[in-house]
Protein chains: 2
Amino acid sequence: MKDVAARAGVSLGTVSNVLNRPELVSERNRMRVLSAIDALGFVRNEPARQLRGGGSRTLAYVVLDTANPFFTDVATGIEEAAHAAGLALYLCNSGEDGVRESFYLDLLEQQRVEGVLITPVGNDLAVVSRLAARGTPVVLVDHGGGPERCSVTVDDVLGGSLAATHLLETGHERIAFVGGPPSIRQVADRIEGAKQAIARAGTEPLTVLETAALNVAEGRRAGERIAGLPTSRRPTAAFCANDLLAVGLLQQMVRLGLRVPDDLAIVGYDDIVYAEAAAVPLTSVSQPRHLLGRTAAELLLEESRGTAEHVHRQVVFDPELVVRASTNLRTRS
Amino acid sequence: MKDVAARAGVSLGTVSNVLNRPELVSERNRMRVLSAIDALGFVRNEPARQLRGGGSRTLAYVVLDTANPFFTDVATGIEEAAHAAGLALYLCNSGEDGVRESFYLDLLEQQRVEGVLITPVGNDLAVVSRLAARGTPVVLVDHGGGPERCSVTVDDVLGGSLAATHLLETGHERIAFVGGPPSIRQVADRIEGAKQAIARAGTEPLTVLETAALNVAEGRRAGERIAGLPTSRRPTAAFCANDLLAVGLLQQMVRLGLRVPDDLAIVGYDDIVYAEAAAVPLTSVSQPRHLLGRTAAELLLEESRGTAEHVHRQVVFDPELVVRASTNLRTRS
DNA sequence: GAACGTCCTTGAAACGTTTCATCAGCTGGC
DNA sequence: GCCAGCTGATGAAACGTTTCAAGGACGTTC
């Protein structure tokens, strides 16, 4: 910047004014400074700027798993809102690793970002609380955090209930839940919702087929277990904790010669793009991913800009059921 | 930091030494400083640190599209290498938007990151060149950029050739390519490779079914077109520019009552996790995504740390064919 | 007991901005 | 011709670190 000032024949302060309050500078000097900047290829030094001025104009989202399409859609929603407010968004991938998560949180705090959005790895929010206590605004995404924190979630109990209700209405009385481990809050809530709906209907209680993880391979394994049951005890419908499981389950059914939805109806969760693209398009519980992200970003902006007393809010969205061929007998070819 | 020094009863310099060269400080003072840091909840101010010291210990990857599993896998590879070198990785999503891309590049340059990895939006590398010319190390990912730049790519001509050769070897003589627009370098190269293989075999020339984009919906549309052809002119095999197209094509075939691979064999590209999970598991050309990312990060580190004369390298990986049921008659149920 | 090392600690300078009080030069009014 | 008021430019201070030359305390050696 010193060089720019020298080349334009003005003082340091004037260059700074051109950059920050151009209306205070005369036309002539503004031009000279701008052309000097251009000629020298000058690039503002953001760290120095921040040191003096404050704001970093940057938000960060610590993602649980970038490989999961659900989270990347949420991230897109966040970015949209951030961009509208003139802020940049950095994505950090914790990869479900608590150590990496806190590594990134430390870094972001040191970097003095304007605020942090996070889908935390576990249920222990100690690191997050520390961050917030020291003054960095934090919003939890797809994870509740009590009244002293902003959060945005989707009602998983309702989602479970929607799925089970739909299966009951299409005539199923023997329903299995496929998913796990139940220590994941989302899984537990979805089971709970399904159980409630079934209790209301008064039919046979929900069977839970626990899986070790929420991926395609586990879905296939669950498919083997279901197919191995005697017809009399085999469920006529399966509600999967997410679409990856549902896809695996569907694939295994086809392989073993069982028909979907005739022999087994399937409901997934998340409504990822591949759910519709499956050979038998999957009925799935859809979450407003985009809106989830956008709302989270807006809460964060509100918290970070709100001068003094900001009221923490916990926003809960409702999921929706998307019915497709995997449960709908009439649309079968 | 001043407060910490005061509370510990030492000078500023000593606090800094505890943080950066603890071996120079006496046991007693080190303890006092550390406990003062703890008590005060002191967090290093990274911008100030950078202003004085230099390095930002941060890399960034400007991703073309975070919703595409291919790129998130590449990102995972990058992160692994960055982490091993003690650096953090920020992900920025250009979302195939040139304006956003250059917004992020500017920001990263101002932020003085150690280096930038990028999968550029278009073929115009002007912004990238400017960045590099000013001294920020840049590595292109999945995009070639001439000898004056480091880049990491996969040989798409070879990939196209592998796919076509496999189809020829399994007895197909009427092969269609599904994909587009051909202005995308990857698409053009894959067509080129397939054409070469077919020319070598001397069979009927490749038909190209151009699509407007590389997604599932376009795949379904292509499926309609293929199914609509009279049997005598209908291809017996389709090579799709990526797996999303292949998934859509497969789905449409099933819907319209055509069998895969009997009536139409299908080969996809990218080998995304959903390729294996399709109801008829897809044969696909697999790219070493993880390795691609790791190598790119290593090149960047080499360039950013290499003191003076760094030789730009263009690394090209070979793709591999993964054969599954969508082309392999023998494994059909 | 003086001279010399070793080991720690210190204070000041520097990094590249922004901000702010001050000042120079003009214009216009009387 | 003088002064008030205004516009625009200026230089210095400040932001929170790191680094480095210099100095202090203490122990060892002759």
Side-chain angles (χ1 to χ4, degrees), chain A residues 1-37 39-58 86 106-114 134-136, chain B residues 1-37 39-58 86 106-114 134-136:
Chain A
M1 207 158 111
K2 220 174 353 181
D3 299 342
V4 172
R7 185 179 232 266
V10 298
S11 75
L12 256 179
T14 301
V15 176
S16 176
N17 279 339
V18 171
L19 259 25
N20 300 302
R21 291 114 86 202
E23 72 281 3
L24 291 187
V25 181
S26 70
E27 179 71 12
R28 197 185 71 104
N29 274 351
R30 184 153 23 106
M31 284 321 194
R32 298 175 56 152
V33 168
L34 288 178
S35 79
I37 286 180
L40 264 41
F42 164 78
V43 176
R44 252 174 158 143
N45 184 320
E46 183 66 26
R49 194 160 184 239
Q50 232 170 287
L51 175 56
R52 179 62 230 254
S56 65
R57 327 213 144 291
T58 294
D106 283 350
L107 179 73
L108 293 170
E109 185 177 14
Q110 293 177 190
Q111 207 93 254
R112 304 289 196 268
V113 293
E114 296 285 343
R134 286 187 188 141
T136 304
Chain B
M1 207 158 113
K2 220 174 354 182
D3 298 342
V4 172
R7 185 181 234 265
V10 299
S11 76
L12 259 179
T14 300
V15 176
S16 176
N17 280 338
V18 170
L19 257 27
N20 301 302
R21 290 113 90 203
E23 71 282 3
L24 291 186
V25 180
S26 68
E27 179 72 12
R28 197 185 72 106
N29 274 350
R30 187 155 16 111
M31 285 322 196
R32 298 175 57 152
V33 168
L34 287 178
S35 79
I37 285 180
L40 264 40
F42 163 77
V43 176
R44 253 174 157 141
N45 184 319
E46 183 65 26
R49 201 164 176 232
Q50 232 170 285
L51 176 55
R52 178 62 229 252
S56 66
R57 327 214 146 289
T58 294
D106 283 350
L107 179 73
L108 293 169
E109 186 178 12
Q110 292 176 193
Q111 206 93 255
R112 304 290 196 266
V113 294
E114 296 284 343
R134 285 186 188 141
T136 304

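Chain naming here is simple, since letters A, B, ... match the order of the sequence lines and numbering starts at 1 in each. All heavy atoms count here, side chains included; hydrogens, waters and symmetry mates do not.
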Between atom [atom1] of [X] and atom [atom2] of [Y], what is the distance when rounded to the nearest 0.5 Å?
X	Y	atom1	atom2	value
B:Asn45	B:Arg49	CG	CZ	10.5 Å
B:Glu46	A:Ser56	CD	OG	12.5 Å
B:Gln110	B:Thr136	CD	OG1	11.0 Å

For the pair made of [atom1] in [X] and [atom2] in [N], what is the distance, rounded to whole Å?
X	N	atom1	atom2	result
A:Gln110	D:dT18	CD	P	10 Å
B:Asp3	D:dG16	CG	P	10 Å
A:Arg32	D:dG8	CZ	P	16 Å
A:Glu27	D:dG8	CD	P	11 Å
A:Met1	C:dC15	CE	C1'	13 Å
A:Leu51	C:dG16	CG	P	12 Å
B:Gln50	C:dA14	CD	C1'	16 Å

Non-neighbouring partners of A:Glu27 that pass side-chain contact (heavy atoms from CB on, under 4.5 Å), sequence neighbours left out: A:Arg30, A:Met31
Contacts of B:Ser26 that satisfy side-chain contact (heavy atoms from CB on, under 4.5 Å) - sequence neighbours left out: B:Arg28, B:Asn29
Least distance between heavy atoms, B:Pro47 atom then A:Gln50 atom: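 In this case the closest contact between B:Pro47 and A:Gln50 is CG-NE2, 3.3 Å.
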Anything under 3.5 Å between a protein N or O and an N or O of nucleotides 9-13 of chain D, put it in a table, one pair a line.
residue	atom	partner	partner atom	Å
D:dA9	OP1	A:Ser26	OG	2.7
D:dA9	OP1	A:Asn29	ND2	2.5
D:dA9	OP2	A:Ser26	N	3.2
D:dT10	OP2	A:Ser11	N	2.8
D:dT10	OP2	A:Ser11	OG	3.1
D:dT10	OP2	A:Thr14	OG1	2.9

Looking at B:Arg44, I'd like to know whether one of its side-chain N or O atoms comes within less than 4.0 Å of OP1 or OP2 on D:dT18. yes
Would you say A:Arg28 places a side-chain N or O within less than 4.0 Å of OP1 or OP2 belonging to D:dG8? no
Using five pairs at each end of the helix from C:dG1-D:dC30 to C:dC30-D:dG1 to define an axis, what is the angle between those two axes, to 10°? 60°
Nucleotide of D:dT17, C:dT17, C:dT19 approaching A:Phe42 most closely (side-chain heavy atoms): C:dT17
Only distances under 3.5 Å count here; give the side-chain donor-acceptor pairs of residues 3-11 of chain A to other protein atoms, sequence neighbours excluded, each with its distance to 0.1 Å.
residue	atom	partner	partner atom	Å
A:Ser11	OG	A:Gly13	N	3.4
A:Ser11	OG	A:Thr14	N	3.4
A:Ser11	OG	A:Thr14	OG1	3.3

Taking side chain to side chain donor-acceptor pair (under 3.5 Å) as the test, write out the residues that go with B:Gln111, two or more places apart.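 Only A:Tyr90 meet the side chain to side chain donor-acceptor pair (under 3.5 Å) criterion with B:Gln111.
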